[in-house]
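A quick write-up on the structure given underneath.
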Protein chains: 2
Amino acid sequence: MTHSDVPRKRTRIQAQNEARIIRAAMDVFSANGYRGATVDQIAGSAGMSKANVLYYFNKKQDIYTAVLEQTLGIWLDPLDELNPDGDPIEELWKYALQKLRFSQQEPLASRLFANEILQGAPIIRPFLENELKNLVMSKCQIIQQWIDHGKLAPVSPLHLLFFIWSSTQHYADFSPQINALTQESEDELFADAEKTLKLLLTRGLKP
Amino acid sequence: MTHSDVPRKRTRIQAQNEARIIRAAMDVFSANGYRGATVDQIAGSAGMSKANVLYYFNKKQDIYTAVLEQTLGIWLDPLDELNPDGDPIEELWKYALQKLRFSQQEPLASRLFANEILQGAPIIRPFLENELKNLVMSKCQIIQQWIDHGKLAPVSPLHLLFFIWSSTQHYADFSPQINALTQESEDELFADAEKTLKLLLTRGLKP
DNA sequence: GCAATTGTTGACCAGATGGTCAAGATACGA
DNA sequence: TCGTATCTTGACCATCTGGTCAACAATTGC
């Protein structure tokens with residue numbers, strides 16, 4: 001340590017390996033939950049030794065936190081786009097459709113969240129109580145105004161969001177059950193889901 | 001072993017302790033998932049020694065299976081009551097309401113299932129593929145007939161069931177998230193959920 | 001009352017798992 | 001090229017956890 005003890009800059013190898021570990025950890029955590037995942041599995045899936053994984057992330061929980069944080073943004077972004085000046089039903093359907101697409105394209109992220117919340121949200125509780133809550137409250141005001149202006153059926157805005165979240169995430173989180181009950185291909189499945197959800201939402205929300 | 005080696009009958013103590021263990025195991029498994037639960041926790045929660053728990057259930061997995069099996073029936077019963085001769089929307093709403101009530105009154109059972117399915121449904125897959133699938137298929141036919149007779153909006157029956165399941169179970173499975181986003185009392189919460197869900201379903205399904 | 005069966009548990013074992021460490025391999029700046 | 005900082009890993013350790021067992025307690029049928 002000749003010139004400084006400022007935080008040393010991130011090596012290319014560092015960035016590369018941390019990304020590899022996080023990608024592998026997403027697979028393992030989303031499939032097995034926090035307790036069910038082992039550092040050895042993550043290392044194997046990332047193609048390196050357990051000791052090396054723990055060289056980049058000191059503790060197992062640090063890996064878990066990193067994986068969660070990396071996907072938190074994806075949660076907020078689509079909701080943030082809800083446009084108060086657009087057509088209410090169109091805006092809400094656009095949001096629901098985005099969530100449904102997300103369930104199809106990123107099922108691992110959805111299952112990671114589901115696992116975390118089922119275990120009581122020990123890590124992301126602050127996120128839920130702050131960032132998410134603030135965003136949700138502001139968006140609920142928009143929805144409430146739509147209702148007050150007679151542009152939307154008089155639903156509870158918060159529970160409307162719950163309905164959108166649950167019915168879309170269901171396709172990622174409960175896929176084993178869904179696959180046991182249908183022979184549709186994945187594309188057909190999501191096409192039918194989209195059609196039915198659109199019908200329920202657009203008709204149900206009409207003022 | 002003097003007279004027989006037929007299966008000896010269940011003692012009163014046996015039945016009593018097995019029930020106590022299953023009740024405790026429901027708490028522990030639903031809160032921590034299969035891997036996250038320990039036999040010691042279950043024993044502690046049941047007020048007996050780990051060795052004694054394993055005297056009644058030879059393996060940890062046997063406890064888990066017993067807990068699951070005991071609650072499988074609850075899954076089928078309400079759906080089975082769907083009456084083809086009743087008013088379609090009324091029948092479907094009655095079913096949804098029953099599921100919502102179940103989420104409020106038996107959240108542990110709901111979370112137990114969610115955990116099991118998130119882990120790939122290793123134990124209850126046969127149940128999903130047989131009992132549940134048969135019942136669902138027969139009920140989907142009823143719904144399809146309602147649609148064919150113009151008594152219901154043209155939704156996909158299977159996906160309609162998915163929506164009912166997801167939006168009601170959500171209140172049990174994601175309660176940490178829900179509690180982070182609202183200050184409502186539990187009763188208010190479920191009253192609002194009921195109102196919003198009823199509005200969306202009854203309006204959305206009108207032909 | 002008294003065997004025989006059933007119930008109960010502390011002590012113990014084996015394997016899994018998170019985490020450490022020292023020692024060697026590799027990359028990188030001067 | 002050389003020296004330093006970074007990277008990598010096998011070996012190891014402590015703890016946790018599912019499961020066993022022998023010994024003792026309680027119950028029950030006769």
Side-chain angles (χ1 to χ4, degrees), chain A residues 1-25 27-29 31-68 115 119 122-123, chain B residues 1-25 27-29 31-68 115 119 122-123:
Chain A
M1 206 56 62
T2 52
H3 289 126
S4 64
D5 48 5
V6 297
R8 44 200 181 287
K9 72 180 174 188
R10 280 166 59 94
T11 311
R12 184 180 50 237
I13 297 181
Q14 228 167 81
Q16 191 179 314
N17 279 355
E18 282 172 10
R20 222 163 89 215
I21 292 169
I22 287 182
R23 217 175 312 130
D27 288 354
V28 178
F29 281 130
N32 305 98
Y34 179 74
R35 289 282 312 257
T38 73
V39 179
D40 237 357
Q41 277 180 301
I42 296 171
S45 177
M48 62 180 81
S49 69
K50 181 179 72 168
N52 206 19
V53 168
L54 290 170
Y55 168 74
Y56 289 102
F57 296 88
N58 297 344
K59 302 186 206 177
K60 179 187 179 184
Q61 196 179 48
D62 291 350
I63 313 174
Y64 185 62
T65 304
V67 176
L68 275 176
N115 262 309
Q119 307 310 315
I123 305 295
Chain B
M1 204 58 61
T2 52
H3 288 128
S4 65
D5 48 5
V6 299
R8 43 201 179 289
K9 72 179 173 188
R10 281 165 58 93
T11 311
R12 183 180 51 235
I13 296 180
Q14 231 167 79
Q16 189 179 316
N17 280 355
E18 283 171 9
R20 222 163 89 216
I21 292 169
I22 288 182
R23 217 175 313 130
D27 288 353
V28 178
F29 280 129
N32 305 98
Y34 180 74
R35 291 279 313 255
T38 73
V39 180
D40 236 357
Q41 277 180 301
I42 296 171
S45 177
M48 63 182 80
S49 69
K50 181 179 72 167
N52 205 20
V53 168
L54 290 169
Y55 167 74
Y56 288 102
F57 296 89
N58 297 345
K59 303 185 205 177
K60 179 187 178 183
Q61 193 177 301
D62 291 350
I63 313 175
Y64 185 63
T65 305
V67 176
L68 275 175
N115 263 310
Q119 308 308 316
I123 304 296

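In this text the structure is predicted, and so the values were computed from the model without any measurement. Convention: sequence-line order gives letters A, B, ...; per-chain numbering from 1.
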In whole angstrom, give the distance that lies between atom [atom1] of [X] and atom [atom2] of [N].
X	N	atom1	atom2	answer
B:N17	D:dA25	CG	P	19 Å
A:M48	C:dT26	CE	C1'	15 Å
B:Q16	C:dT6	CD	C1'	14 Å
B:N52	D:dA23	CG	C1'	15 Å
A:Y56	D:dC7	OH	P	4 Å
B:I13	C:dT5	CD1	C1'	11 Å
A:Y55	D:dA5	OH	P	12 Å

- prompt: Taking atom CG of A:L68 and atom CG of A:N115, what is their separation to the nearest 0.5 Å?
  reply: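 CG of A:N115 is found 10.0 Å from CG of A:L68.
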- prompt: So how far is it from A:I123 CD1 to A:T65 OG1, rounded to the nearest 0.5 Å?
  reply: 4.5 Å
All pairs passing salt bridge (charged side-chain N to carboxylate O under 4.0 Å, His left out) where residues 16-25 of chain B contributes a residue, at least two apart: B:R10-B:E18
Expected rows: protein N/O vs nucleotides 17-24 of chain C N/O, under 3.5 Å:
from, atom 1, to, atom 2, distance (Å)
C:dT17, OP1, B:R35, NH2, 3.4
C:dG18, OP1, A:A37, O, 3.3
C:dG18, OP1, A:K60, NZ, 3.2
C:dG18, OP2, A:V39, N, 2.9
C:dG18, N7, A:K50, NZ, 3.0
C:dG19, OP2, A:K60, N, 2.6
C:dG19, N7, A:K50, NZ, 3.4
C:dG19, O6, A:K50, NZ, 2.9

- prompt: Side-chain N or O of B:Q14 less than 4.0 angstrom from OP1 or OP2 on C:dG7?
  reply: yes
Donor-acceptor pairs are to be reported for all side-chain atoms of residues 31-41 of chain B against protein atoms at under 3.5 Å, with residues two or more places apart or in another chain.
from, atom 1, to, atom 2, distance (Å)
B:Y34, OH, B:Q61, N, 3.4
B:R35, NH1, A:G36, O, 3.4
B:T38, OG1, B:Q41, N, 3.0
B:Q41, OE1, B:T38, N, 3.1

Identify every side-chain donor-acceptor pair in residues 45-57 of chain A under 3.5 Å, counting partners at least two apart or on other chains, and give the distances.
from, atom 1, to, atom 2, distance (Å)
A:S49, OG, A:N52, N, 3.1
A:Y56, OH, A:N17, ND2, 3.1

field: Student check: side-chain heavy atoms of B:F29 and B:I42 closer than 4.5 Å
entry: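 The answer is yes; the side chains approach within 4.5 Å.
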